[in-house]
Each structure stands twice: as C-alpha cells, then as structure tokens.
Amino acid sequence: MQFLQKIFKSPSFWPLLIVLVAAILAGRTLIFEKGYFTMHDDLQMMRQLEMEKCFNDGQIPCRWVPDMGYGYGFPLFNFYPPMPYFVGEVFRILQFSFADTAKLTFALSFILSGITMYFLAKEFFGKWGGVISSIFYIWAPYHSVDVYVRGAMNEAWAFIWFPLILWTSYRLIQKRKNVAKWIIGLALSWTGLLLSHNLMVMIFTPVFAIWCLMFWLKAKDWKKFFNILSSGIIAAGLAAFFTLPAVLEQKYIHVDTLTQGYYEYIAHYATIGQLLISRFWGFGPSIWGPNDGMPFQVGHVHWILSLFILLIVGYLLLKKAKNKPDSTSLYVILFSITFAWFAAFMAHQDSTFIWQRIHFLAFVQFPWRFLSLAILGFSLASGSVAVLLSKKISVVVGSLLVILLVSLNWNYFLPLGGKMGPLTDAQKFSGAAWDLQRTAGIFDYLPETAKQNPKNPPLTVAEVTDGQGTVTGGAQGTDWAKFNTSLTTDSIVRVNLFQFPVWKITLDGNSIKSYIPESEVYGRMYLNIPKGQHYVYLHLTNTPLRSFSNNLSLASWVILLTYPLWKRKLFNGKLAL
C-alpha cells in the first residue's frame, strides 16, 4: 500500500497517466484487437520465432538462425539489432502468441517513447510542457508510418532512446551529485539505441554531440566531458557483443546489396509537398518520383507550431520581456527547431550535395528516415508553449493543440483497412506464408560465399553429390547440424547450409574441413567423406572477434550489475585494495 501511495503522490503521476492514455490510444488496435496486420517489413513474427529458437537452443547471444535464407541458415542477429526481440521474449514467456507479441512490442514503443519524451521536455518546460511534447512525439505522422505502414520495429524502438539519451546526458552535465547514476543512465540509454537500430545511431550521433557540446561549453567543466566519455565506454562494452561483429564482420556478407538498386538513396527523396503540404495517407512503397504509395508528412501541426514558437521567442527577446524563459530553455527551443528543420532538409533532394560528400550515408538507404529526427526536434520544441505563454493561456493553447493534433492524425494510427485481419501463428508459420518469410530479406545479409540466392529450399540437411551411399539421421538446430552417412565408395557430401565463419565440422569426432567448389553458386559446404559409416557434426563457433565481443559484454554487464555491491564495500573501506 505504501508503494502505491508513493506512486499516486508522485508529482508526475497524473501527467504520465495522460501520456499513457495518449500512447494507448495511438496503439489501440495493436492492444485491443485480435488478429494481425499487413506491413512492409512483415518479418516481425519470424524474427521473434528465430530469437526464441536460439534461446531454447542455448545460442546466446543469437547470431545464426536456421529457417531464414530459405532454410540454408542466416547470420541474421549477427547484423540485425536484437533489442525489440529480447523484449518480445518477455511477452512470449507470459504465453502471448507470436502475433500478439509483435503487436504488443510495437505498442510498447509508443508508450515508452512517450514516457522518455515526457522526462526530457519536463526538464525544460515543466510537467505540462512534458505532456505536450510527449503527445506530439507519439502522434507524429511518421511515428505511425514506422509502425502501421512500414512495420519497422527497430526504428520504432529507436524513438524510445533519443529523448532518454538527451535527458540523461543533460542531467550528467548539469548535476554535481549522483554523478554515477547519470553516467550509468546515459550508458544504458546508448546501449538501448545501439541494440535497436544501427542507422539511427549514425544519424543521431551528430545531434547528440552538438547537444552535449552546447551544455558542456556552458558548464565549462572538463570533468563533464570525461563523464560523457565514461558513459560511452560503458555503453560500448555493454553492446559490444552485437556492435563489434555487426560492423567488423561485414566482409563476410554481400553489403553491396544494401545500397544498390531499390536501396539507392537517390531514388527516395521526399518533395516539399510531401513533407509539408500533402495529407495523403497510403500503405504502398517508396518509389522514384513524387507518386510514392506511402506518406512522408512532417506533421502540419508540428512544423507550423515551430514557426509560431520562433516568432514568440523573437518577440520576447526583442521586447526584453521579463517573463521570457531562462537561457537554457531558449537554447533547447532554438536547437531542437534547428535540427528538426535540418533533418527535414536531409529528406529532400536539395541535400544531395551532403549525401554525396558523406559516403557512408548511403547505408541510410532512404533519406526520409531523417523524419525520425525531425519529429524528435519539433515534438520537443512543442512543449515550450508551456513556458512561452502565461500559465492559463498555455493550458488552453496546449490543450487545443493536442486536440487538433490527435483529431487530424486519428485515422493515421490504424492498420491497412482500419482494423486487424484474421491471422493465427499456425497460419503465419505454414504454407506459402512460411515460404515467403523464409526467403524475405535474403539479400540483406547473404553470406559472401553465395554468388546468388537459392531458388528452392533444401529437402535434407545433407546429400551425396558424387559417389554412392546414403545420408540418414539428419537434424539441425539454430547453430548446429548432424547426420550419418553410409557410403559404399569415397564420396562428396554437400551440406545444405551456407558457409560462414566459423563452422567447426567433425567426422566421427575428428576435425575435417569443408570447401566450396567453383560450380557451387549458393555457397553451400562440401565434405570429402571416405566409404563406410560415419557420424558428422557441424557447429557454428565464434570467430576471435565474436569471442572477444561476448567476453567484453559479459564482463561489462557483470561489473554494472554488481556495482552497488562493490561500491558499498569500497565506501565502507572493506574492499581490499
């Protein structure tokens, strides 16, 4: 009872309750309706299934999955951020279906992003400003595009970490007490983003750097710089199991397919009309030219309000009004609006000269992805009406703005057709739907040993291609396979798995090597096996880099989780030095 009383008495209880209601309304069909919905990246249930198989098989962290790559195995989670699927496993443990797990994980991204934005905006604009910014953040049109149109689970989860990183870094720079708390908070925030979306890390980092520089120059304290650096080191260690292989092992996959053809950024700019004027809403693809099937709205209320905010700020500064916000709030307002408009500019073709000079931006693939930063900046700035206007006026204006925003965007936050379609796990994981998911995304991380993607799924784990004999007892898990051979001649056996570093193969307990003949176009492994009866076992082991990354992350998490214990011992003088 005392715990509940503390919650109800918390100054942020009622504001957060409003934010929670706003988030639930945005995800209403995800939470309350049965069935599933159509999306561009229709692999959320499949990825969750593969993550669960890894957990059940003891492959932790999960890197190689057995069913994708058309059943030839796939290094999915060696390169694809796993955070949302870790969270999804919690829903699975609670016995939710895969369909409901995917929907609830999407809905949770609405809720958590609203909460983190509340605490960021509250820091500068008070509780009412925090509520306004949160609702603007949740109900931004592009936020719905990520969930209901694209089904971009990882990008939707990146929205959670942007405000949290900005808030914890500001606190770390400003506070002189509980510094360790904010170092750890910032480290965990960055870990969340690193494990959620690689590309969002790349485009958000400059915003974070300028944000920190702005407040660090104001504080003029070198210790603050080293505190930020300490958080970065901790985050790098915590996320190393994923980030280091994801970056440094790209030589093992066809990365060229990520920036060619459909994925060339030059084909995916948004027009000014699409960004600022159009009210078009659709569920089709992004294509060359202005006739895209999906919307790229910044949000009418968002960008128009930002202009009014700039006018009010200019008026207060020119009039030298006594009731103008403090300098910190003004910095935040101007900075957030500036980077929001710059992010919108990056989605437009006039920014091509920047894309051409910063070559790694090509991996962003779609310039309109910068809308994620645009809505971050515009939403944060929207909360400033709580401090730019008098208290009574700000309550009225803020309420009207929220009502207008939700009213205009209400029908955007619905799946195709306005409701969920009937679908069960069994239907999704069988027949044509199963085959489609096994092949979808095969070019994303196709091992470089494969000259082309397979056209048919394997019928068996292994088969004799040259010689006489049979293969029996074939079985495979997430990162292993086994079979027996009964050969009447020395034979060549093909294993229907992609070659990838490092498959350890044993023949009757003795290590043997695989090879790929020149004629093999799918990158499958071949074994020379002598006549007789033999037992073959394959296990995907770690490269030295993966082993180092795993150990670094394990050590980092152990140190972090035991920090309260050894800190107390050190403080009490009981830790032997």
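FYI, the numbering just counts along the sequence from 1. Predicted model only: the values in this text are computed from it and were never measured.
- Other residues, nucleotides and ligands place no more than 12 heavy atoms under 6.0 Å from the NZ atom of K127.
- The two atoms that bring F110 and V147 nearest to each other are CZ-CG2, 3.7 Å, heavy atoms only.
- Side-chain contact of D42 with Q437: a donor-acceptor pair under 3.5 Å is absent, judged by distance alone.
- Between R47 and D41 there is a salt bridge, since a side-chain N of the basic residue sits under 4.0 Å from a carboxylate O of the acidic one.
- Not counting sequence neighbours, the partners of Y72 by the ring-ring contact (aromatic ring centres under 6.0 Å, His included) test are F498.
- The aromatic ring centroids of W480 and W503 lie 6.0 Å or more from each other.
- Side chain of S384 to main chain of A381: a donor-acceptor pair is present (N/O by atom type, distance under 3.5 Å, no hydrogens or angles).
- Partner of S286 under the side chain to side chain donor-acceptor pair (under 3.5 Å) criterion, chosen from R150, H268, H40: H268.
- Side-chain atoms of S196 do not come within 3.5 Å of backbone N or O of L193 as any donor-acceptor pair.
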Check step by step if side-chain hydrogen bond (donor to acceptor under 3.5 Å, both in side chains) holds for W557 and S553. CA-CA 6 Å; W557 280 103; S553 286; 5.2 Å; no
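- A donor-acceptor contact shorter than 3.5 Å is absent between the side chain of Q59 and the backbone of G477.
- Proximity of the aromatic rings of Y265 and F366 is defined here by a centroid distance below 6.0 angstrom, and this criterion is not met.
- Remark: the backbone N or O of Q274 is paired with a side-chain donor or acceptor of T271 at under 3.5 angstrom.
- Within the 4.5 Å cutoff, side-chain heavy atoms of F136 are placed close to those of L401.
- Checked against the 6.0 Å centroid threshold, W139 and F413 count as a close aromatic pair.
- Under the 30°/60° scheme for interplanar angles, the aromatic rings of F208 and W190 are found to stand perpendicular.
- You'll find the ring centres of Y118 and Y137 outside the 6.0 Å limit.
- No donor-acceptor distance shorter than 3.5 angstrom exists from the side chain of T478 to the backbone of C54, with no hydrogens or angles considered.
- Minimum interatomic distance between S379 and M117 (heavy atoms only, all atoms of both residues): CB-CE, 4.2 Å.
- For H254 and F443, the distance between ring centers is not under 6.0 angstrom.
- A salt bridge is absent between K34 and D100: the closest approach of a Lys/Arg side-chain nitrogen to an acidic carboxylate oxygen does not fall below 4.0 angstrom.
- Between Q476 and L497, some side-chain heavy-atom pair lies under the 4.5 Å cut-off.
- Judged purely by atom type and a 3.5 angstrom limit, S144 has no side-chain atom pairing as donor or acceptor with the backbone of A140.
- Between F500 and W64, the distance separating the two ring centers is shorter than 6.0 angstrom.
- In summary, the aromatic rings of W368 and Y269 are positioned with their centroids too far apart to meet the 6.0 Å limit.
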Can you list, pair by pair, the side-chain donor-acceptor contacts under 3.5 Å of residues 369-377, counting residues two or more places apart and other chains?
{"unit_1": "R369", "atom_1": "NE", "unit_2": "E155", "atom_2": "OE1", "d": "3.2"}
{"unit_1": "R369", "atom_1": "NH1", "unit_2": "V364", "atom_2": "O", "d": "2.7"}
{"unit_1": "R369", "atom_1": "NH1", "unit_2": "Q365", "atom_2": "OE1", "d": "3.2"}
{"unit_1": "S372", "atom_1": "OG", "unit_2": "R369", "atom_2": "O", "d": "2.8"}

Kindly determine whether Y412 and R279 satisfy side-chain hydrogen bond (donor to acceptor under 3.5 Å, both in side chains), including the steps that lead there. CA-CA 10 Å; Y412 292 167; R279 286 278 296 165; 2.8 Å; yes
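- Within 6.0 Å of atom CD1 in I272, 12 or fewer heavy atoms from other residues, nucleotides or ligands are found, so the atom counts as exposed in its surroundings.
- A donor-acceptor pair under 3.5 Å links the side-chain atoms of T116 to the main chain of S113, judged by distance alone.
- Of the possible donor and acceptor atoms, none in the side chain of N78 sits under 3.5 Å from a partner among the backbone N and O of R63.
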W157 vs L108, test: side-chain contact (heavy atoms from CB on, under 4.5 Å). Steps then yes/no. CA-CA 9 Å; W157 268 74; L108 189 60; 3.9 Å; yes
For salt bridge (Lys or Arg N to Asp or Glu O under 4.0 Å), just list the numbers for E33 and R28, CA-CA rounded to whole Å, side-chain angles, deciding distance to a tenth of an Å, and then say yes or no. CA-CA 8 Å; E33 289 192 15; R28 58 195 182 277; over 6 Å; no
